[in-house]
Every structure is written in C-alpha cells, then in structure tokens.
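This one's a predicted model, so the numbers in the text were calculated from it and none came from an experiment.
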Amino acid sequence: MAKRDLTFTRNIGIIAHIDAGKTTTSERILYYTGKIHKIGETHEGSATMDWMAQEQERGITITSAATTAFWNYNGNSYQLNIIDTPGHVDFTVEVERALRVLDGTVATFDAVGRVQPQSETVWRQADKFGVPKIAYVNKMDRVGADFLACVEEIKTKLGATAVPISLPIGSEDKFQGIVDLISREAIIYDSTNPNLINYTIEEVPENMKDEVELWRDKLVEAAAECDEALMEKYFEDPDSLTEDEIIAALRKGTVEMKIVPATCGSSYKDKGVQFLLNAIARYLPSPLDIGAIKATNASTGEEEDVHPVADEPFCGLVFKIATDPFVGRIAYIRAYSGRLDAGTYVINTRSGKKERAARLYQMHSNHQNPIEFVECGDICAVVGFKELRTGDTICSEKRLVNLESMEFPDPVIGIAVEPKTQGDLEKLGIALNKLAEEDPTFTVKSDPDSGQTLISGMGELHLDIIVDRLRREFGVDINQGAPQVNYKESITGTVQHREVFKKQSGGRGKFADIIVEIGPADEGVTGLQFDNQVKGGNIPKEYIPSVQKGFESAMANGVLAGYEVQSLKVTLLDGSFHPVDSDQLSFEIAARMAFRHACPKASPVLLEPIMSVEVVTPEEYMGDIVGDLNRRRGQINAMDSTPNGARIIRAFVPLSEQFGYVTVLRTLSSGRATNTMTFDHYAEVPANLAKDVIEKSGYSVSDEDE
C-alpha cells in the first residue's frame, strides 16, 4: 500500500471567544468540503459538531468535536483533521487539550466585538503550545463590523504581527465578498446560491484599487521579511516577487509564528469560507513542518526525538477520554510516529501496562467510521483501552518514551450532590467516575466529616452541565446543594519545629524524629517545595522520601478550614531514628503530625479564587454596574469604550461574591449588558470574612492517623 504524503495533512482547531461563530464556521467547512450535504445551524440546534443535547438546547459548544474532511487546492487533496472547541471559559480544558495535539489553528474573531476576553485566553494557550495561527474575522455582515480595526486589535492586544491577506468588499448589509491581495482578484459571493461554488471572480472595484495596492505592498513587505533571499530580491525590485514566492514566504513566516495571516468573511451568509480553506492549505503547517517532537526515554530519562515517520515504532498521546453509550470508553489519540493497527497491543508508559487497541475509528462528531490502522500525523479514536487517562503516552514496546504530559487548572467551585433514592447510590458513583475520567477539571471527593459527595468544576455552567448529564445520560436523579467556593490555604510565616513520633504496642514499636523548617514556598512555586539538608546519616536516605510524602498528603487538608494548601516550603534540617522501631511509615506519620502542629504557628491564611470580570454595557447603566461591582468587593482595573458607544468595565472580583451575578446584571441593565468571567488568581481572604468561612466549615485538626 502506498504511503500517505503527510505534506497534505492539516491537524487544525477552531478557537475563539464565545459567540464568535466557531461552530457555524465548522459547519460551512464541512459543507464546502463535501463532508455534509445540509448545513446545520447553531441557533436551530442542528449543528453537526454540537451533537450533545445540552449543546443543541443552549446553542453553545461544550465538548470539542473531531472530524476529518478533504479539500482540493491547487490540484492536491488535503486531509483536514478538524477539532471544533468551546468558547465558554468553563470548558477551557477542551481548548487546552485540543491545542496540545494540533499543528495549526484558525482563531476566529467577531468583526464587531473584535478581541474579546476569551479570545485572549485561547490565543495565549495556542502560544503556550507553539501553535501557528490564521486569523479569521467573522460576522462582517453585522452592524459595526470593521475588519482592519480587528486586525489592529490583534496587533495591540495580542502582540501578534497580523497581516491581512484579503480585504472586505463593503461591510454590514453591503458586505459582498473579499479581494485576494495576492492575486488582486475580487471574489463576489452569492448567498442566495446553495451550490458549493457560490462565488464569481471579478476585477477589483475601481474605488478600492488604491487601498488594495497599499495593503498588498504591506503584505509583500511582511512576506519578504520572513525570507532572507526574498528580502534581497524585494529591495532590488518589490514588483519582481511572484505569487508563489509570496505564498511560500508567508507560509514560512506562519509556521515559524512570525506572522498571522488575516482574512475575513461571514460564515452564516456563506461568504469567505472557501478562501479560508485555501488559506489553511496554503499557510498552516503539516506534521512534517512541525517535525520531530521532544520525548523522554522511559528507562534512562534522557531526551530524544520522535519523528513523524511511519517506519519508526509507534508513539501517540491520549488527549481526551469520552464515554459513548454504544461502544463504551473511547480514547482520542494523536499519533506522532509509526503505525498502529487495530487489534495490536501498546504499552502505557505511565502505568507500564500493556493495553489492546481493539478497534480504531476516524471520528465525525459523535459518529465513528471504523479504520484498519492509524499512521503518524493523524488523529483517531480507539476503543479497548481500560486504564488510560488524559495525557498518557502509548508506545510500541520496541521504544518506550514519555511525551510531555498535560497540566490542567484546579477547579474553583463545588457543590454537594446525593441521589434522590438509595438505589441510585451505586449508579451515581459509576457515573461520576466516568465523567471525572472524561474531564480532568472535574473532580469528585467525599467529605470525611459529613459523608457528602462533593463535585467541583470550573464554574456554575460547568457544574450545571454535569448535573444535567447525570440525569440524561446516566439516568441518575440527584439533589444538589448550593454552590461552594473552592478556597485554598497558605502560610505567611516561617517556623522551626521538632516532631517525635513514638508508639509502643508490644513487640516492635514505631519511632521517627524530625526537625523541620516550614514556611511559604518561593514565588511562582505551587505544591510542596522540599529541601533535604540532613547531613551525616542522622536520618537514613530511604526514609527521606517518606517525610516528603507525609507533607504532600497532609497538604490536602489545611489547618484552618480543611482546604488544600496551595504551596509550602519544607526544609528537613535534622532528626534521628531507631535501628529497630523506625520504618518508612513512622517518618511519614511524623511528617503529617509536624504539618498539623507547626502550621498553626506559621500565620496560616485562607485564599479565595479571584475572577477577572469584563462587562460590556450601554453607557447609561455604567454607574449602577460599577457600584454593584464595588459592593461585591470588586477592584475596577479599566474602563474602555467600544466603537459603537458601549462601555467595557474590567475588574477583579472574588468568586464568592459572583453567584447569580448574571441575573443581577440583566436587572441592572434591562437585559442589555453582557459579561464574561475567567479565573485569574488566588488572593488572601480579609480576616473578618475568613473567620466566617472557617466557622462554617466546622473543621478541627485531629492527630489521628491511619
């Protein structure tokens, strides 16, 4: 069988702020590539990529959906593996894990709203993973649409070198099409024409010729700056650059993340999508452009390269786990090297266990098309894996490596849940475990004091969707408590403490003696920062990890209200041991006891999640909204104006003050203001409020150990 040429593969995602038109754009891409024959609409609840009942009802994307389509460009068939991601901040993990495995992305912007808060968030996420981007300014048919103003905001707010590769012909209700700046052709779209080719190529309108030449010169200059050989040719004669040379240089600059090609359109009105598909083929990288990725040898720990070559041993990354009612547990994988055949075995390098890839599927939203094998550079779904988690590396046993895993933010809000009937108790446990497997930002734990089941997530909407899924997908009716903030604890002072753990119960006893210094962790460090300073073998080396483990486990419950301790620095200074009675468990228990005895003396404080809030409102309601934010302990950071006269208020507000805020905002603004809220950081709770939180928790420190 002939090997597939990876040059014509594009692994792309569509990322944006909520309501910028990601899913509508995805639907048009699927239609124009021939993947679907009827366009589904988000507002009608019929979009292919929004297949969940909750997505269709609410008109939002909740889970990232994957599909594969083919686009013919320049005589070649390009395979597009597409992931449509959510825009709502509560589902940011879906964006994070999609970007981890993608080679390029289409960042979609609303031509009126321009660069919005979640636009910045997803852009930074793409930067973090080094994912090249194309900017697509959508909704050019809306009142107030301005392509060049949006491009300018991409430069100023996102710090990116956005380069227009097209210009709009008209805007708002007069938006007809676009001018291709490279070919100097006008593409006029006919939105009444349902055919796949709904445009004609015409000459540039007379009144636009000067503007087109101005922006084409800027485009050619930006292209020349991406290629030294081209730069020399450009200086000699700017008009001597051919179209192919300009495209090649723009592609080079895009892949190296020096520039961001920007185009525009109106996906809903079927304008500009085919040009966007051509741009994806032209400028976004193939797996070969990305080249080898770094991995760590599972045996030696040394760094090595994994190449996108089908002849190498197989290596892939699990970026998502999903549960399908018909086929069961599905693992989404990105293959980075080699080939995986259905029915063969691979090694999970985290657990060291062998797992069988029973069946392989190419995904189309929630439909599976069986395939015989998957090769490097592709994205597919696998059924048959039992113990895989998101972020696991799977490999051929010929070469065991670990790819860089995935980190996810901690949940900030929780609720207590219980089944309405005792008979549903087991069903609830199974359902919650499946949902936690799917979503790393959703956690489940049992409160040891009350026996309640506590579920935590990234926001009220996130938990609302989880509860809805429990009822619909798993048939579990539940009672739920009021939302609770996921506070954390920290210490602000430094103390030295000696802990001696001694227990005699007939026969061999327990003994451990440690002297530690406990204080705040260094800036930027989360979790435990452990420093062993023991000299001369006063504590044998094999017991040191147990001390560290003891402190790590103790940090799960702080001394004030039982909340997790965000960060801690522990320096092990000295100690002693008993040749008979000391063991690893003794030192682990001594560390846990030292934590509980020392932390109350180290000025412990309660921390609360602080949200970054952005409110867009007509000017007449601004005073009331700012006053309300101040009452909520908000800190106003900035106030800006939009081109259509609305005001933007940016503030930091504690999450505990924001429950039910959407309803209050609608009341204050007669339903005309909108808001977005993203987690920003943790900050100390004022002493008077901390006292109430601690009293409500009813937490007390106990010396009992298992």
Side-chain angles (χ1 to χ4, degrees), residues 51-55 57 62-63 90-91 93-94 97 318 320-332 348 350-351 353 355-359 366 368 381-392 408 410-486 553 556-557 562-564 697-699 702 704 706:
W51 57 269
M52 288 173 69
Q54 293 92 335
E55 294 179 315
E57 285 169 11
I62 292 167
T63 181
D90 282 19
F91 311 108
V93 62
E94 292 287 339
R97 58 182 168 191
V318 179
K320 179 173 174 172
I321 302 288
T323 306
D324 185 277
F326 303 107
V327 298
R329 199 163 179 265
I330 297 176
Y332 286 75
N348 175 356
R350 175 184 54 80
S351 64
K353 291 185 178 176
E355 298 245 27
R356 183 170 178 262
R359 282 165 290 163
N366 62 329
Q368 301 98 16
V382 187
V383 173
F385 293 147
K386 300 271 189 303
E387 293 184 31
L388 281 187
R389 292 187 206 149
T390 300
D392 281 354
F408 301 106
D410 292 334
V412 294
I413 182 173
I415 54 172
V417 294
E418 62 181 26
K420 285 190 174 174
T421 63
Q422 197 62 27
D424 276 348
L425 192 60
E426 189 179 346
K427 270 168 76 179
L428 177 64
I430 293 167
L432 288 175
N433 283 337
K434 282 185 177 177
L435 290 171
E437 264 185 1
E438 283 184 27
D439 185 350
T441 58
F442 170 67
T443 60
V444 183
K445 66 177 182 180
S446 184
D447 187 318
D449 299 325
S450 65
Q452 285 182 314
T453 300
L454 301 173
I455 62 173
S456 299
M458 299 306 294
E460 287 182 272
L461 177 63
H462 189 191
L463 293 180
D464 195 17
I465 298 293
I466 293 284
V467 169
D468 200 18
R469 288 186 67 189
L470 284 172
R471 291 189 179 116
R472 293 194 201 203
E473 289 176 37
F474 300 97
V476 182
D477 263 340
I478 61 167
N479 296 318
Q480 65 189 81
Q484 303 166 0
V485 175
N486 279 12
S553 61
N557 299 101
Y563 293 107
E564 182 188 348
S697 76
Y699 181 75
S702 159
E704 289 178 17
E706 315 82 49

- Query: What's the spacing between T421 OG1 and I478 CD1 if we round to 0.5 Å?
  - Reply: 12.0 Å
- Message: The test is side chain to side chain contact (heavy atoms under 4.5 Å, CB included); show your working for L432 and F442 and say whether it passes.
- Response: CA-CA 9 Å; L432 288 175; F442 170 67; 3.8 Å; yes
- Among L470, I455, I430, which one satisfies side-chain contact (heavy atoms from CB on, under 4.5 Å) with L435? L470
- Query: Which heavy atom in A331 sits nearest to a heavy atom in F385, and how many Å separate them?
  - Reply: CB-CD1, 4.0 Å
- Which pair of non-hydrogen atoms, one from G481 and one from I415, has the smallest distance, and what is that distance? O-CG2, 3.7 Å
- Identified side-chain contact (heavy atoms from CB on, under 4.5 Å) partner of R359 from the options V383, V382, I330: V383
- Task: Starting at CD of Q484, measure out to CG of L463 and round the result to the nearest 0.5 Å.
- Result: 10.5 Å
- Message: Test side chain to side chain contact (heavy atoms under 4.5 Å, CB included) on T453 and V444; report intermediate values, then the result.
- Response: CA-CA 7 Å; T453 300; V444 183; 3.9 Å; yes
- Determine the minimum heavy-atom distance between A358 and G384, stating which atoms define it. CB-CA, 4.0 Å
- In Å and rounded to the nearest 0.5 Å, what is the OG1 to CG distance from T443 to N486? 6.5 Å
- Query: When rounded to the nearest 0.5 angstrom, what is the spacing between CZ in R471 and NZ in K420?
  - Reply: 6.0 Å
